[in-house]
Each structure stands twice: as C-alpha cells, then as structure tokens.
Amino acid sequence: MSILAGLALLVATIAFMEGVAYVMHRWVMHGFGWFLHESHHRPRTGFWELNDLYFVIFASPSITLLVGAAYFGFPDWCGWVGGGIAAYGAIYLGFHDIIVHRRVTTGYVPRSSYMKRIVQAHRLHHAVETKQGTVSFGFIWAPKPEALKAELKRRELAGVRAPGVQDGSGRVVERV
C-alpha cells in the first residue's frame with residue numbers, strides 16, 4: 001500500500017472513529033455499560049475512575065491491528081487502520097481528559113470558537129447526572145451549545161444537576 005493511500009486510510013479511520021465513539025458513548029456507555037461510565041458523571045475522588053477501563057477496552061482493536069501488521073503478517077491496511085484508531089484515541093485523550101477535564105495540568109485555556117464549543121458541549125453533557133437525558137455524545141464534533149441548552153430545556157431539565165453541584169471534572173454546575 002502506498003504511503004499516500006495509507007495516510008488517506010488513517011485520516012478516514014479517524015473520521016470514522018468519531019461515529020464509533022458517538023455510538024459507543026450514547027448506547028453502550030449510557031446504556032448497558034453505565035455501571036462503568038457512571039463514575040465519570042460523579043465527582044472524581046482520585047486520579048482514576050472505573051470509566052478509565054473504556055480507554056483500555058477501546059485501545060484493544062488498535063493494538064491488535066498494529067501488532068498484527070508489524071509482527072504477524074496482517075495486511076498493510078491493518079496497520080493504517082490501527083494507527084487511525086490510536087490517533088483518534090490520542091485526540092480523545094487530549095480533548096477529553098486533558099483539556100475538558102484537566103486531569104493533567106497544562107495551563108491551556110481554550111480561545112478558539114471551536115475549542116470553546118467542544119468544551120461547553122461536554123460540560124452540558126455532564127450537567128445531566130443520570131443515565132438518560134444527556135446531550136452531546138461526540139468528542140471532535142459537537143452541536144452548538146445553544147442547541148444543546150434548548151434540548152435540555154425541551155426535556156424539562158430531566159436529570160440536570162442542581163446548581164452548585166459538581167460535575168465529573170469537579171467544576172460547579174451552573175443552571176442551564
């Protein structure tokens with residue numbers, strides 16, 4: 001496989017992974033996998049939370065494809081797809097854990113309208129403390145915060161935390 005074709009496959013995989021992440025977050029993590037993900041919607045008591053197991057679970061296909069392509073004769077495309085999954089994981093880690101939840105102190109302050117939108121959308125996701133009723137499930141793309149606030153109001157704020165309660169990142173929730 002040519003480098004250009006491989007890079008195109010890697011970029012396509014990153015884009016595809018946003019859809020996979022949306023589906024997994026909405027229907028697995030906020031579905032039957034809530035027993036792990038619930039820890040992420042509560043104030044964190046230490047550095048790790050049960051939800052972190054999802055990072056290991058979702059990294060497994062990437063590791064399998066990369067190791068298989070490097071050592072076990074898997075086709076070349078497997079390495080590029082595995083790399084795309086890993087790249088998406090790195091983007092997720094940067095956006096979600098470092099920028100939004102500040103699990104690592106960087107001093108970074110979102111200034112671009114895109115980054116502000118991603119951060120605000122995720123905070124609105126965490127304004128709901130229940131398994132149902134949440135909004136915004138993506139990580140690289142998010143609807144406009146105004147649309148998310150309108151959706152929460154349409155749902156009559158079902159499951160929205162009381163003002164002053166902390167979200168999963170330890171920030172105090174404001175009224176929607």
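Just the heavy atoms: all of them, side chains too, but no hydrogens, waters or symmetry mates, feed the values below.
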#### Entry: Residues which pass side chain to side chain contact (heavy atoms under 4.5 Å, CB included) with Trp34, listed by chain and number, not counting sequence neighbours
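For Trp34, the residues satisfying side chain to side chain contact (heavy atoms under 4.5 Å, CB included) (neighbours in sequence not counted) are His30, His37, Glu38, His41, Lys131.
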Within the side chain of [X], is there an N or O that forms a donor-acceptor pair under 3.5 Å with the backbone of [Y]?
X	Y	value
Arg117	Pro145	no
Arg42	Glu129	yes
Thr134	Thr130	no

#### Entry: Within one Ile-Leu-Val-Met-Phe-Trp-Tyr cluster: Phe137 and Tyr54, side-chain cutoff 4.5 Å
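Looking at the clustering, Tyr54 is in a separate group from Phe137.
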### Query
Hey, is OH on Tyr71 packed in by over 12 heavy atoms from elsewhere, all under 6.0 Å?
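Atom OH in Tyr71 is not crowded, with 12 or fewer foreign heavy atoms closer than 6.0 Å.
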### Task
Answer yes or no: does atom CH2 of Trp27 have more than 12 heavy-atom neighbours from other residues, nucleotides or ligands under 6.0 Å?
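It does: Trp27 CH2 has more than 12 such atoms within range.
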Taking the side chain as C-beta and beyond, is there a heavy-atom pair between [X] and [Y] under 4.5 Å?
X	Y	result
Leu36	Asn51	no
Leu124	Ser136	no
Phe95	Met115	yes

### Task
Could you pull out all residues at least two apart from Phe139 that satisfy ring-ring contact (aromatic ring centres under 6.0 Å, His included)?
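Only His25, Tyr92, His96 meet the ring-ring contact (aromatic ring centres under 6.0 Å, His included) criterion with Phe139.
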### Message
Does this structure show an ion pair linking Lys149 with Glu146, if we count only N-O contacts that are shorter than 4.0 Å?
### Response
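Glu146 and Lys149: not salt-bridged.
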### Message
What I want to find out is whether Asp52 reaches Arg44 closely enough, with some N-O distance under 4.0 Å, to be called a salt bridge.
### Response
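No, this pair does not count.
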### Task
Indicate the atoms forming the closest heavy-atom contact of Val81 with Leu65, along with that distance.
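The answer is CG1-CD1, 3.8 Å.
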### Query
At their closest point, which heavy atom of Phe58 faces which heavy atom of Ile85, and how far apart are they?
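Looks like O-CG2, 4.2 Å.
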### Task
Measure up the His101 and His122 rings against each other and bin them: parallel (under 30°), tilted (30 to 60°), perpendicular (over 60°).
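Aromatic pair His101/His122 classed perpendicular.
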